[in-house]
Protein chains: 2
Amino acid sequence: MASIAEKREQSRQLLIETGLKLFSQKGFEATSIRAIAKEAGISLGLMYNYFPGKTDLLRAIFQEGQSDIEATFEQVQESMVGLPGIERHIRNIVSLLKEKREFWRLLHSLRMQSEIVTEMMGSIEQQVAYIQQMIGNNLKEVGYQNPAEEALLLFATLDGMASHYLLDPSYPIDDVASYLIQKYKKAQ
Amino acid sequence: MASIAEKREQSRQLLIETGLKLFSQKGFEATSIRAIAKEAGISLGLMYNYFPGKTDLLRAIFQEGQSDIEATFEQVQESMVGLPGIERHIRNIVSLLKEKREFWRLLHSLRMQSEIVTEMMGSIEQQVAYIQQMIGNNLKEVGYQNPAEEALLLFATLDGMASHYLLDPSYPIDDVASYLIQKYKKAQ
DNA sequence: ATTTTATGAACGAACGTTCAATCAATATAT
DNA sequence: ATATATTGATTGAACGTTCGTTCATAAAAT
């Protein structure tokens with residue numbers, strides 16, 4: 001039995017999902033409120049009962065995606081307790097990419113035009129910086145001579161892999177990840 | 001003394017430059033023809049004497065940028081004849097990034113929403129694939145065991161470095177590039 | 001005099017947003 | 001239990017704005 005609040009939350013979720021789908025496909029500016037409403041099977045006007053405006057829907061998508069990623073990060077991290085630090089990080093990032101593909105696509109397509117989203121990007125950049133620092137710490141523990149530069153480089157590699165995977169679903173990200181991990185094991 | 005054809009070409013160039021500047025800053029959809037006309041100091045209607053429409057301006061920007069990059073690629077390549085293959089490639093790409101920053105920003109911001117630009121991206125992707133193959137060949141010559149996978153990885157790294165540099169002008173791309181080159185020298 | 005260059009008002013379409021209206025559901029009164 | 005009142009959910013036409021594009025008109029050049 002669905003209460004009113006539950007139905008409301010359900011519709012909210014539907015709009016967030018549909019918005020994410022269309023924004024990540026065609027871009028934020030090129031996607032109209034009307035298109036989202038039609039795709040979600042909700043009337044144009046009703047959208048404004050859930051979100052004050054288009055930007056607020058985007059904001060909600062960002063927040064939802066961010067907490068989703070945070071949760072998945074913890075969860076995947078726990079499932080890889082046995083693995084060494086760097087391998088765990090790499091595998092974790094690959095998992096996140098696969099699981100939240102649309103969200104990452106949206107992120108990557110919006111991060112260049114910061115006019116729209118400086119405020120929204122802020123907390124995500126923070127989170128990314130945190131992960132990068134964790135990687136740096138791991139590299140230092142393992143005994144790298146230039147952990148900071150190595151972390152910068154590894155971060156670039158991971159970001160590049162992500163871009164290529166987001167651009168092309170058939171990109172062999174698992175193979176590349178395995179190869180990368182193997183290189184770090186050898187270097188150690 | 002400027003001939004008519006020269007003045008025309010000059011105005012065309014101005015519009016291409018201004019378009020590139022604004023598109024790369026605020027995005028294609030979010031930039032209006034009016035904004036470009038005002039910034040370039042050319043009247044709204046006159047733009048249609050140079051380009052049939054907004055999309056055609058973007059197309060011209062792409063073509064211009066592509067041949068620019070091709071020319072710069074050759075030129076920089078020649079200025080680095082003494083360097084070993086991989087180092088030359090890496091330095092070359094860094095040079096291209098610095099010299100054509102706005103164009104790369106536009107490229108990176110548009111490549112996710114392929115609806116607009118599948119046709120325009122095609123030839124550029126081709127060019128990128130060519131560079132990647134050249135890197136692969138170099139790696140094979142140098143004697144890498146998995147040249148294909150290594151090339152895939154190196155390409156991801158370079159792309160990631162590019163993204164980070166495009167997002168943040170203060171990104172120490174020269175340092176990272178030097179560090180990357182150093183790693184390849186050691187591995188050899 | 002004729003052609004080319006240049007202008008910005010005007011046009012239709014599409015956008016984000018608002019709002020009067022209808023519909024459904026629940027509460028209240030009889 | 002039925003009828004009535006009240007509240008909230010839902011709709012899409014309508015509004016004002018901005019967009020890409022066109023066009024009558026004027027200025028400049030030939």
Side-chain angles (χ1 to χ4, degrees), chain A residues 1-16 18-23 25-62 106 109-110 113 115-117 119-120, chain B residues 1-62 106 109-110 113 115-117 119-120:
Chain A
M1 193 59 169
S3 77
I4 292 177
E6 275 169 351
K7 266 188 88 172
R8 210 186 144 73
E9 184 55 28
Q10 209 172 320
S11 291
R12 211 185 109 94
Q13 282 300 325
L14 178 62
L15 286 176
I16 286 181
T18 311
L20 172 57
K21 179 179 160 191
L22 295 187
F23 285 157
Q25 268 173 20
K26 314 191 34 144
F28 176 69
E29 306 281 354
T31 303
S32 68
I33 291 286
R34 278 169 178 81
I36 297 172
K38 180 175 258 181
E39 177 80 15
I42 283 178
S43 77
L44 177 58
L46 192 53
M47 292 208 50
Y48 288 82
N49 259 329
Y50 294 96
F51 304 98
K54 194 186 181 185
T55 316
D56 302 274
L57 173 58
L58 181 61
R59 209 190 318 274
I61 290 172
F62 264 74
L106 180 61
S109 71
L110 280 182
Q113 287 113 39
E115 294 282 325
I116 328 173
V117 276
E119 150 224 353
M120 305 181 205
Chain B
M1 191 64 168
S3 78
I4 292 176
E6 276 169 351
K7 266 190 88 172
R8 210 186 145 73
E9 184 54 28
Q10 209 172 320
S11 290
R12 212 185 107 96
Q13 282 301 324
L14 178 61
L15 286 176
I16 286 180
E17 277 170 32
T18 310
L20 172 57
K21 178 179 159 190
L22 295 187
F23 285 157
S24 75
Q25 268 173 20
K26 311 190 36 140
F28 176 69
E29 305 281 353
T31 303
S32 69
I33 291 287
R34 278 169 177 80
I36 297 172
K38 179 174 259 183
E39 178 81 14
I42 283 177
S43 77
L44 176 58
L46 191 53
M47 291 208 51
Y48 288 84
N49 260 329
Y50 293 96
F51 305 97
K54 193 186 181 185
T55 316
D56 301 276
L57 173 58
L58 181 62
R59 208 191 319 275
I61 290 172
F62 263 75
L106 180 61
S109 70
L110 280 182
Q113 284 113 43
E115 294 282 325
I116 327 174
V117 276
E119 151 223 352
M120 306 181 203

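Worth saying up front: this structure is predicted, and the values here are computed from it rather than measured. A note on names: the letters A, B, ... follow the listed sequences, proteins ahead of strands, and every chain is numbered from 1.
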Worksheet item: Regarding B/Q13 and B/E17, is there a side-chain donor-to-acceptor distance under 3.5 Å anywhere?
Response: no
Worksheet item: For A/N49 and D/dT11, what is the distance between atoms CG and C1' respectively, to the nearest whole Å?
Response: 11 Å
Worksheet item: Within this structure, what is the NZ-to-C1' distance between B/K38 and C/dT7, rounded to whole angstrom?
Response: 15 Å
Discussion item. Strictly distance-based, threshold 3.5 Å: is any side-chain N or O of A/T18 a donor or acceptor partner for the main-chain N or O of A/L15?
Written reply: no
Worksheet entry | Distance, rounded to the nearest Å, where A/Q10 contributes CD and D/dT10 contributes P | 11 Å
Fill in: Contact summary for B/Q113 and B/S109, nearest pair of heavy atoms
OE1-O, 4.1 Å
Item to complete: Grab the OH-P distance between A/Y50 and D/dA9 for me, whole Å please.
Response: 8 Å
Worksheet item: If you look only at pairs with a residue in residues 20-48 of chain B, which of them pass as a ring-ring contact (aromatic ring centres under 6.0 Å, His included), with sequence neighbours excluded?
Response: B/F23-B/F28
Worksheet item: What integer distance in Å separates B/R12:CZ from C/dT5:C1'?
Response: 17 Å
Practice prompt. Rounded off to whole Å, could you give me the CD1-to-P distance for the B/I42 and C/dT7 pair?
Written response: 8 Å
Item to complete: Summarise how protein sits on nucleotides 13-30 of chain D as a single string, 5' to 3': B when a protein heavy atom is under 4.0 Å from the base, S for sugar-phosphate-only contact, - for no contact.
Response: -B----BBBB-------S
Fill in: Shortest non-hydrogen separation from B/R8 to B/N49 and the atoms involved
NH2-O, 2.6 Å
Worksheet item: Which residue pairs pass the salt bridge (Lys or Arg N to Asp or Glu O under 4.0 Å) test when at least one of the two sits in residues 39-56 of chain A, sequence neighbours left out?
Response: A/K21-A/E39, A/D56-A/R59
Worksheet item: Touch check for B/F51, heavy atoms < 4.0 angstrom, all strands: base, sugar-phosphate only, or nothing?
Response: nothing
